[in-house]
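Input: a single structure, listed below in structure tokens.
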Amino acid sequence: MSKRVTIKRKNEIEENENVPEVELKKSTRKTVSSKLANIDKKENLEEVSAKKVKNKLEEKESEYCFWLMKSEPESRIENGHEMKFGVDDLKASKDKITHWDGVRNYEARNHMKSMKLGQRAFFYHSNCKNPCLVATMKICKESYVDHTAFDKNDPHYDPKSDLNNPKWYMVDVQFERDLKRYIPLTELKHYHLLHKKTGGPLSNLSLFTRSRLSVQALTEEEWNFMIELENKPPV
DNA sequence: GCCAACGTTGGC
DNA sequence: GCCAACGTTGGC
């Protein structure tokens, strides 16, 4: 085993630290980082095997084609900065495009890194009176360095970020359309609980299984079911 | 405003 | 490498 390869693999692991769980069954949920950490512990394990596992996990990750992105529609001041950015603010932006800066969580970042041009995302209103899905967006620029991490005056300034080795990334998203009606979290929860009992597309929705994550991945089944809700009467 | 959930930090 | 303390998210 050459040293060079070992170093490369280590870098790759760091790059993927706290990659989201990729298994869809709740019982088997585990982060890629912890899996890779476990792999490292097994000294007799071949490098090839570790790579195989990693590739498999990345394959899974790349199967996610739909996303959910949270933003706060109500005024809140953090470090003297207004945090409000609702769907109306997105619509008021130039070309209805914004860069999704300020994400400081590895899992959320990795989701953004795997986003592809043209993929669709829900715009979700969080930390507000009526948390809900409000609109759809399209990824219109794939991930690039989030410069706000280096800006001392930015509310999400990261003093540990290194200009030569950026940690934080963002994507550009463009408003696509309003949902025919806002889909409240309570309604999604209703289906989530139902589907957990009876089986169904929302049985493992990350809004509930990974509630604090600000950029979430959706399977096609989850996306389709949620999109269809706008045509159904509210629960 | 409260607080559960959970990610991060740092002492040991 | 463990884990207590701390900080943040976000529903309620």
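Remember, it's a predicted structure, so these values are computed and weren't measured experimentally.
Side-chain atoms of A/Ser203 do not come within 3.5 Å of backbone N or O of A/Gly199 as any donor-acceptor pair. No side-chain donor-acceptor contact under 3.5 Å links A/Glu187 to the backbone of A/Pro184.
Rounding to whole angstrom units, CD of residue A/Gln216 and C1' of B/dA5 are separated by 14 Å. Note: CD (A/Glu72) to P (C/dC12) measures 16 Å, nearest angstrom. Rounded to a whole Å, the NZ atom of A/Lys129 is 15 Å from the P atom of B/dG1. Between the CZ atom of A/Arg210 and the P atom of C/dT9 there is a distance of 15 Å, given to the nearest Å. One can place CG of A/Asp158 at 12 Å from P of B/dT8, the figure rounded to the nearest angstrom. The CG atom of A/Leu188 sits 15 Å away from the P atom of C/dG10 (whole-angstrom rounding). The separation between A/Asn110 atom CG and B/dG7 atom C1' is 14 Å, rounded to whole Å. Rounding to whole angstrom units, NE2 of residue A/His190 and P of C/dG11 are separated by 19 Å.
Remark on DNA chain B: of its neighbouring residues A/Ser211 and A/Arg104, the 5'-side contact belongs to A/Ser211, judged by nearest-heavy-atom nucleotide. Checking A/Asn127 against A/Arg212, the closest nucleotide of DNA chain B that is more toward the 5' end is the one next to A/Asn127. Nearest-nucleotide positions on DNA chain C for A/Thr186 and A/His156 put A/His156 closer to the 5' end.
A sub-4.0 Å separation between OP1 or OP2 of C/dG10 and a side-chain N or O of A/Lys70 is present. Checking the phosphate oxygens (OP1, OP2) of B/dT9, a side-chain nitrogen or oxygen of A/Lys160 falls inside 4.0 Å.
Donor-acceptor pairing under 3.5 Å is recorded for the side chains of A/Thr148 and A/Arg104. A donor and an acceptor atom, one from each side chain of A/Gln216 and A/Trp67, are nowhere located under 3.5 Å apart.
By the 4.5 Å heavy-atom criterion applied to side chains, A/Lys160 and A/Lys167 are counted as neighbours.
For A/Tyr106, the side-chain atoms get nearest to B/dT8 when compared with the rest of B/dT8, C/dG11, B/dG7.
Here A/Phe208 lies out of heavy-atom contact (under 4.0 Å) with every strand.
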